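For reference, the structure is listed below as structure tokens.
Predicted, not measured: the structure shown is a model, and the values here were computed from it.
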Amino acid sequence: MSNSNRSKLTVQHAAMLAIVMLACLSAAVNAQATKDSNEVRRIVKESTKLTRAGVNDQAEKLLRDAIVTHPGASSLRLELAFVLSKQRKLKTAYDLAFPIAEKEPNNARAFSVLGAILLAAGRFEDARTLLTNALTLDNEDHLGWGGLGLLDFYENRIPQSLRHLQEAVQQNPREPDYLFALAQVSARDERYREAADAYLRFLSVSKDTDADRRARIKGLITFLRYLGGKDRLYQSIGSDSAKVKFELVGNRPIITVNVNDNPAPLRFVLDTGSGITVMSDAAAKRLKVRSITKGGFAKGIGGDGRFEIVYGYLKNIAIGSVDVRNVPIYIRKFHDQNANIDGYIGLALISKFLTTIDYGEKSFALTKKVTDRQEFQDNIALSLPLRLTSSGFLSGEVQLQGINSPLNFIVDTGASVSVISAQVAKLEEINRFIGEEKLRVIGAAGVTNDVPTYLLPRVSFGSHSRERVEAIALDLGIINEASGFEQDGILGGNFLKNYSLTFDFKNSKVTFRSVTPHD
């Protein structure tokens, strides 16, 4: 063999060895990539188990540790953003998710996680755009369907909400969040048996070890099954409309009603800050209203933040010439013994009507007349949008002077004074308006002393503004746990008393008309 041929063979052999080595290296890289990918999926799966067990702090630690080992895995950062949003660390969650959605425009999960974060922050329009885009990219993205279902729920589009949440459950039947939301929406739609079934399924798939929460849900299931066997709730008989005078005490409107055909009048606060009607345990005892079931402890403002849930049922509540039949209620202890209050009329009852609370003439009107509704619809351009939280509060966008972005405030006729959250109170733009006076606050769960006060320079709801509005600062974490989206404060009676308010609950609208307040 010539030297030339030997040289050619040597070159060919070396080339073949290089190809083999490259193939081996490529196989090793692919094997490592597959191993890394499998490990990332395992971690995400483990994180999901932890969040379903309600231990989000452990899920956060697991994901943060994993990101150190797998810094290029965007799925880990997305999952961390989702876990942070469940802990209501919304800004940190947003800062994690946004760059991924920007860099990976075809990543449906990135858009659904980002949409869920903005939904929790109350930025509904942006959330809808992102969630819709996620489903355009992947029609089986269960978080996208679940997010849209919640968004429709908050905006009172109940049929659409049910459809979207049912789709989310179909796509991921073992995700407890979707079952819990489906139960809430079913109950609001007065599908009580379906709501009870959804809550039962939630308990079966949820690994949450919070004993109080599970006790609450078990009690609620019993009550929902009871309601499911009753005639139509909140059925009004007699007149289609009524107008009664109210007494304004501590900025709270108080009307007299008759309960269970008892001739003795009771004093009830008109309370748009309560999802359900509430009766004091003392009044329930006087009228021999028995408890239907008990269900653990609810969370509320004041005291130790907890009060026992006791469910009751009234045959009727008469407001003027309107008689509302079959009314579910809470029964609880009232901590202000000097207020002479027997109960609170909640949203579930008055939302069946077009409702006006006129602080100028101190009157409360409710109507089902078509002509009255038409007159309101004709003036719809003057109205402001309202949202319903998961827990049944009315929420609207409020502007505080010095803060550029609008804030979500509960519209609460049952609150004497307006409230800002402890987080808002810490902002430099607000903290400088702290006052010297401290107040004693009586809430559903007890009494809180030495609550700081603030004198807000300007508070605006739509085009309506008031200057020098007193507010107290409270930790609203308990409210936000159940509200579904972040609440930054409460518009109380000291703001609302300057207006006549007409609520169209069906269309989630309210109109404000300025009046001269009566002290």
Side-chain angles (χ1 to χ4, degrees), residues 33-34 36-53 56 59 63 70 73-86 93-94 96-120 123-155 157-186 194 197-198 201-202 204-207 390 484-485:
T34 301
D36 289 346
S37 180
N38 289 338
E39 176 66 7
V40 166
R41 281 195 293 270
R42 184 195 67 77
I43 293 168
V44 169
K45 187 176 181 180
E46 182 63 25
S47 169
T48 300
K49 289 180 181 179
L50 291 171
T51 57
R52 288 177 179 173
N56 293 310
L63 291 164
H70 306 279
S74 62
S75 59
L76 291 175
R77 296 199 303 280
L78 275 179
E79 210 57 33
L80 177 58
F82 181 65
V83 169
L84 291 171
S85 72
K86 292 177 75 68
Y94 178 85
L96 270 171
F98 180 80
I100 299 172
E102 187 176 41
K103 187 177 180 180
E104 303 177 20
N106 294 318
N107 188 335
R109 178 70 176 177
F111 284 95
S112 61
V113 167
L114 193 58
I117 293 167
L118 291 179
L119 178 60
R123 291 175 54 181
F124 285 11
E125 186 176 347
D126 293 336
R128 186 175 291 280
T129 299
L130 292 164
L131 293 166
T132 301
N133 187 54
L135 291 171
T136 300
L137 294 169
D138 179 3
N139 196 49
E140 296 181 354
D141 187 296
H142 54 84
L143 182 58
W145 287 114
L148 279 182
L150 283 172
L151 180 49
D152 290 326
F153 181 32
Y154 302 148
E155 294 184 336
R157 288 191 289 269
I158 300 303
Q160 297 95 316
S161 176
L162 284 172
R163 287 198 300 271
H164 290 151
L165 287 170
Q166 286 163 352
E167 182 65 31
V169 170
Q170 182 174 335
Q171 295 294 342
N172 191 349
R174 297 197 61 78
E175 176 49 62
D177 285 352
Y178 306 151
L179 289 166
F180 191 85
L182 181 61
Q184 289 182 308
V185 179
S186 298
E194 293 177 28
D197 290 342
R201 289 175 62 193
F202 166 83
S204 70
V205 303
S206 172
K207 304 302 180 185
S390 296
F485 59 100

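- Here CG of Leu179 is found 9.5 Å from OG of Ser206. Values are rounded to the nearest 0.5 Å.
- Within the 4.5 Å cutoff, no side-chain heavy atoms of Leu50 are placed close to those of Asn56.
- The main-chain N or O of Thr129 is never found under 3.5 Å from a side-chain atom of Thr132 such that the two would form a donor-acceptor pair.
- Checking side-chain atoms of Ser47 against main-chain N and O of Ile43 turns up no donor-acceptor pair under 3.5 Å.
- Going from atom OG of Ser112 over to atom CG of Asp141 covers 3.5 Å, rounded to the nearest 0.5 Å.
- Of all non-hydrogen atoms in Leu165 and Gly149, the two that sit nearest each other are CG-CA, 3.8 Å.
- Put simply, the side chain of Ile158 reaches to within 4.5 Å of the side chain of Phe153, judged on heavy atoms.
- Other residues, nucleotides and ligands place no more than 12 heavy atoms under 6.0 Å from the CD atom of Glu140.
- We find the CG-CG distance between Asp138 and Asn106 to be 11.5 Å, quoted to the nearest 0.5 Å.
- Here CZ of Arg201 is found 10.5 Å from CZ of Arg174. Values are rounded to the nearest 0.5 Å.
- In terms of heavy atoms, Leu114 sits closest to Ala97 at CD1-CB, 3.9 Å.
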Exercise for the section: Check step by step if side-chain contact (heavy atoms from CB on, under 4.5 Å) holds for Phe485 and Ser390. Expected result: CA-CA 8 Å; Phe485 59 100; Ser390 296; over 6 Å; no

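- The minimum heavy-atom distance between Pro173 and Val205, with the atom names listed, is O-CG1, 4.4 Å.
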Handout entry: Residue pair Leu148, Glu167: steps toward the side-chain contact (heavy atoms from CB on, under 4.5 Å) verdict
Key = CA-CA 10 Å; Leu148 279 182; Glu167 182 65 31; over 6 Å; no

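- Side-chain contact annotation: Arg52 with Thr48, donor-acceptor N/O pair under 3.5 Å absent.
- Remark: side-chain polar atoms of Ser161 are not paired, donor with acceptor, to backbone N or O of Arg157 under 3.5 angstrom.
- Interatomic distance, His142 NE2 to Asp177 CG, rounded to the nearest 0.5 Å: 10.5 Å.
- When side chains are defined from C-beta on, Ile117 counts as touching Val113, because their heavy atoms get closer than 4.5 Å.
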Practice task
Give the C-alpha distance, both sets of side-chain angles, the deciding distance and a yes or no for side-chain contact (heavy atoms from CB on, under 4.5 Å) between Leu131 and Phe111.
Solution key: CA-CA 6 Å; Leu131 293 166; Phe111 284 95; over 6 Å; no

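- Looking at every heavy atom in both residues, Leu137 comes nearest to Pro105 through CD1-O, 3.5 Å.
- No side-chain donor-acceptor contact under 3.5 Å links Gln166 and Gln170.
- Annotation: side chain of Lys45 is not in contact with side chain of Arg42 (no heavy-atom distance under 4.5 Å).
- Between Asn172 and Glu175, the side chains place no donor N or O within less than 3.5 Å of an acceptor N or O (distance only, hydrogens not considered).
- Between Leu119 atom CG and Arg128 atom CZ the span is 9.5 Å, to the nearest 0.5 Å.
- Every side chain to side chain contact (heavy atoms under 4.5 Å, CB included) that Ala168 has, sequence neighbours left out, goes to Trp145, Tyr178.
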